[in-house]
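Fair warning: this is a prediction, and the values are worked out from it, not measured in the lab. Computed over heavy atoms, backbone and side chain alike; hydrogens, waters and symmetry mates excluded.
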Amino acid sequence: MMAGLLLVEGTHCINNITENQELKIMSGKPILHYFNGRGRMESVRWLLAAAGVEFEERNFETAEQRENLIKSGKLMYQQVPMVEIDGMYLVQTRAILRYIASKYNLYGKDLKEQALIDMYVEGMRDLYDIIMLQPLCLPQDRKETLRVIAERANQRFLPVYEKALKDPGKNYLVGNQLSWADILLLEFILMVEECKPGILSAFPKLQEFKARISKLPRIQKFLQPGSQRKPPMDDQAVEEATKIFNLEKGLIFYKRRNIQLCPLHGILAEKQSNNI
Ligand SMILES: N[C@@H](CCC(=O)N[C@@H](CS)C(=O)NCC(=O)O)C(=O)O
């Protein structure tokens with residue numbers, strides 16, 4: 001059976017799945033496993049909402065609940081986001097996003113368009129990851145971090161998307177149809193604006209793009225209060241996340257993995273060497 005094959009091939013560490021359980025995850029809405037915050041899952045929520053797909057969320061609230069999910073064997077790398085969809089326990093944010101984009105025809109019309117979409121998305125993700133992590137930085141680093149984010153958005157990223165949209169009648173980043181690059185661009189713009197209000201003033205095409213895409217009915221619905229869109233992380237949400245993931249503010253990656261992976265620290269270090 002196809003779903004069985006996918007389960008075996010795609011999620012090798014799943015134990016004791018009965019046919020009934022398998023059937024349950026094959027049917028019905030995708031189920032998103034994460035905590036009740038934006039983080040890496042937020043783009044998945046955006047994409048599903050834009051595709052008009054209803055989804056359920058199973059948000060863990062404690063470290064113990066997260067541990068239990070790990071013990072269930074459904075997390076290939078003991079990490080979330082994880083999405084139960086079409087008989088799979090999908091992990092790795094980009095794999096999840098690509099699957100949804102392909103499934104709902106948001107991934108261009110050919111390989112070349114897909115490559116272009118990937119280039120736009122991967123560029124955004126570089127800054128996105130830093131923006132996503134900035135609520136976890138130390139209070140004394142916040143102002144400088146936000147300044148660096150705005151500077152990089154202004155100089156490196158927003159000009160790329162402004163240029164992509166410059167031709168008259170060019171409504172989407174790639175080709176002549178909506179793709180997941182457009183959806184993630186709107187999410188990205190809104191996040192950058194939260195860091196630096198007014199940042200779009202030098203980018204007329206992006207202003208127009210933002211207004212237009214925000215009016216697409218499914219997106220408009222997702223942007224309204226009461227949707228499954230998550231607010232920016234406030235102090236309480238940061239507190240919850242640090243407990244659930246056993247994080248230490250400002251030092252998350254250094255301490256836990258003993259490798260220098262924190263993009264925030266990376267970008268600040270780069271700045272100090274005048275490399276921005
Ligand atoms: N490359 C992975 C990274 C996933 C990741 O770092 N997830 C965090 C939560 S946002 C996590 O589960 N951390 C716990 C851990 O790494 O043990 C992805 O993009 O999904």
Side-chain angles (χ1 to χ4, degrees), residues 32 34-50 81 93-94 96-97 100-101 106 117 119-137 141-162 164-165 173 178-203 205-216 218-225 227-238 240-241 252 262-268 276:
L32 278 48
Y34 204 59
F35 77 100
N36 189 25
R38 282 184 181 175
R40 290 188 163 84
M41 189 64 101
E42 190 65 357
S43 298
V44 177
R45 299 185 186 104
W46 268 87
L47 215 50
L48 287 169
T93 317
R94 288 157 162 86
I96 299 169
L97 293 169
I100 296 167
L106 291 164
I117 289 168
M119 287 197 282
Y120 287 134
V121 169
E122 292 300 328
M124 268 175 239
R125 298 309 288 186
D126 287 349
L127 193 60
Y128 184 101
D129 287 350
I130 296 165
I131 299 174
M132 179 189 74
L133 288 172
Q134 65 81 19
L136 294 167
C137 73
D141 290 339
R142 172 133 318 133
K143 200 169 157 214
E144 178 62 357
T145 303
L146 291 175
R147 192 194 66 73
V148 169
I149 288 170
E151 188 173 68
R152 190 154 275 202
N154 239 323
Q155 292 179 4
R156 181 172 296 185
F157 293 99
L158 297 178
V160 170
Y161 311 121
E162 177 79 6
L165 294 164
L173 280 176
L178 186 73
S179 76
W180 65 299
D182 298 305
I183 294 152
L184 266 54
L185 176 57
L186 178 59
E187 184 199 2
F188 178 77
I189 287 173
L190 297 177
M191 283 175 76
V192 173
E193 284 185 320
E194 284 168 2
C195 295
K196 174 85 178 159
I199 194 164
L200 280 199
S201 59
F203 301 99
K205 291 287 173 191
L206 290 179
Q207 288 173 33
E208 189 265 331
F209 172 88
K210 176 186 159 191
R212 188 164 37 79
I213 302 292
S214 300
K215 283 196 198 106
L216 297 177
R218 289 168 181 162
I219 304 263
Q220 197 171 34
K221 197 170 155 206
F222 188 61
L223 288 172
Q224 270 159 20
S227 81
Q228 284 163 294
R229 183 177 177 225
K230 306 294 176 213
M233 297 263 282
D234 59 14
D235 288 347
Q236 197 191 329
V238 169
E240 275 171 29
I252 41 179
C262 179
L264 262 187
H265 288 262
I267 200 166
L268 289 172
I276 281 194

Checking [X] side chain against [Y] main chain: does a donor-acceptor pair fall under 3.5 Å?
{"X": "S227", "Y": "L223", "answer": "no"}
{"X": "Y34", "Y": "R40", "answer": "yes"}
{"X": "N154", "Y": "I199", "answer": "no"}
{"X": "R229", "Y": "W46", "answer": "no"}
{"X": "Y161", "Y": "Y120", "answer": "yes"}

[atom2] on [Y] to [atom1] on [X], rounded to 0.5 Å:
{"X": "L47", "Y": "L184", "atom1": "CG", "atom2": "CG", "answer": "6.5 Å"}
{"X": "F157", "Y": "I149", "atom1": "CZ", "atom2": "CD1", "answer": "11.0 Å"}
{"X": "L133", "Y": "T145", "atom1": "CG", "atom2": "OG1", "answer": "10.5 Å"}
{"X": "Q228", "Y": "N36", "atom1": "CD", "atom2": "CG", "answer": "10.5 Å"}
{"X": "Q134", "Y": "M191", "atom1": "CD", "atom2": "CE", "answer": "8.0 Å"}
{"X": "I219", "Y": "L178", "atom1": "CD1", "atom2": "CG", "answer": "7.0 Å"}

- request: Using distance alone, with no hydrogens and no angle criterion, decide if R125 and S43 have a side-chain donor and acceptor under 3.5 Å apart.
  value: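 The criterion, which ignores hydrogens and geometry beyond distance, is satisfied for S43 and R125.
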Looking only at non-hydrogen atoms, find the nearest pair between [X] and [Y] and report the distance.
{"X": "A50", "Y": "I183", "value": "CB-CD1, 3.5 Å"}
{"X": "L200", "Y": "Q207", "value": "O-NE2, 2.8 Å"}
{"X": "C195", "Y": "I131", "value": "SG-CG2, 3.8 Å"}
{"X": "V192", "Y": "A153", "value": "CG1-CB, 3.8 Å"}
{"X": "M132", "Y": "P135", "value": "O-CD, 3.2 Å"}
{"X": "G39", "Y": "Y128", "value": "O-OH, 3.7 Å"}

Report yes if the side chains of [X] and [Y] come closer than 4.5 Å at any heavy-atom pair, otherwise no.
{"X": "E122", "Y": "R94", "result": "yes"}
{"X": "S214", "Y": "L186", "result": "yes"}
{"X": "V160", "Y": "M119", "result": "no"}
{"X": "F209", "Y": "I189", "result": "yes"}
{"X": "F188", "Y": "L158", "result": "yes"}
{"X": "I213", "Y": "L185", "result": "no"}
{"X": "L146", "Y": "K196", "result": "no"}
{"X": "K230", "Y": "M41", "result": "no"}

message: Under the criterion side-chain contact (heavy atoms from CB on, under 4.5 Å), I'd like the reasoning laid out for L206 against L165: C-alpha separation, chi angles, the key distance, then a yes or no.
response: CA-CA 8 Å; L206 290 179; L165 294 164; 3.8 Å; yes
query: Is it true that E144 and R147 make a salt bridge, defined as a side-chain N closer than 4.0 Å to a carboxylate O?
result: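 Counted as a salt bridge, because a side-chain N and a carboxylate O are separated by less than 4.0 Å.
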message: Could you check whether R45 pairs with E42 (Lys NZ or Arg NE/NH1/NH2 to Asp/Glu carboxylate O, under 4.0 Å)?
response: yes
- prompt: Should V148 and I130 be marked as a side-chain contact (heavy atoms from CB on, under 4.5 Å) after you check the CA-CA gap, both sets of side-chain angles, and the distance that decides it?
  reply: CA-CA 10 Å; V148 169; I130 296 165; over 6 Å; no
